[in-house]
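Nothing fancy with the numbering, it's 1 onward along the sequence.
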Amino acid sequence: RVLTPHLGAHTADSVARHLCAKHELLGEAPQEPEKIRHLQDTIRRGLVAFVGPEKAEQLARSCFES
């Protein structure tokens, strides 16, 4: 939901699924904080080209807020 306005629904969903699989963050079980931080940084770096560095940082953080 956080990325959809910036990437479109299909792209945001595809990116989220791909990155979660790549970082081995699958299922509903609690996840390791280090893996979450690494995924957040990957998302941030990927978004810079679309929204700039400041907004990319904000969006990457927002992806993991409840």
**Q** Calculate, to the nearest 0.5 Å, the distance between atoms CD1 and CD belonging to Ile43 and Glu57 respectively.
**A** 11.5 Å
**Q** I need the Leu47 CG to Thr42 OG1 distance, nearest 0.5 Å.
**A** 11.0 Å
**Q** Find out if a path of hydrophobic residues (ILVMFWY) with successive side-chain heavy-atom gaps under 4.5 Å connects Leu3 to Val48.
**A** no
**Q** I need the Arg44 CZ to Leu59 CG distance, nearest 0.5 Å.
**A** 12.0 Å
**Q** Go through the structure and list residues passing side-chain contact (heavy atoms from CB on, under 4.5 Å) with Ala16, not counting sequence neighbours.
**A** none
**Q** Quick one: salt bridge (charged side-chain N to carboxylate O under 4.0 Å, His left out) partners of Glu34, sequence neighbours excluded?
**A** Arg37
**Q** How many angstroms lie between SG in Cys63 and CG in Leu19, if you round to the nearest 0.5 Å?
**A** 9.5 Å
**Q** More than 12 foreign heavy atoms under 6.0 Å from NZ of Lys22: is that the case here?
**A** no
**Q** Identify the two heavy atoms, one from Lys35 and one from His23, that lie closest to each other, and give their separation to 0.1 Å.
**A** CD-O, 3.6 Å
**Q** By the side-chain hydrogen bond (donor to acceptor under 3.5 Å, both in side chains) test, which pairs, at least two apart or in different chains, include something from residues 3-14?
**A** Asp13-Arg17
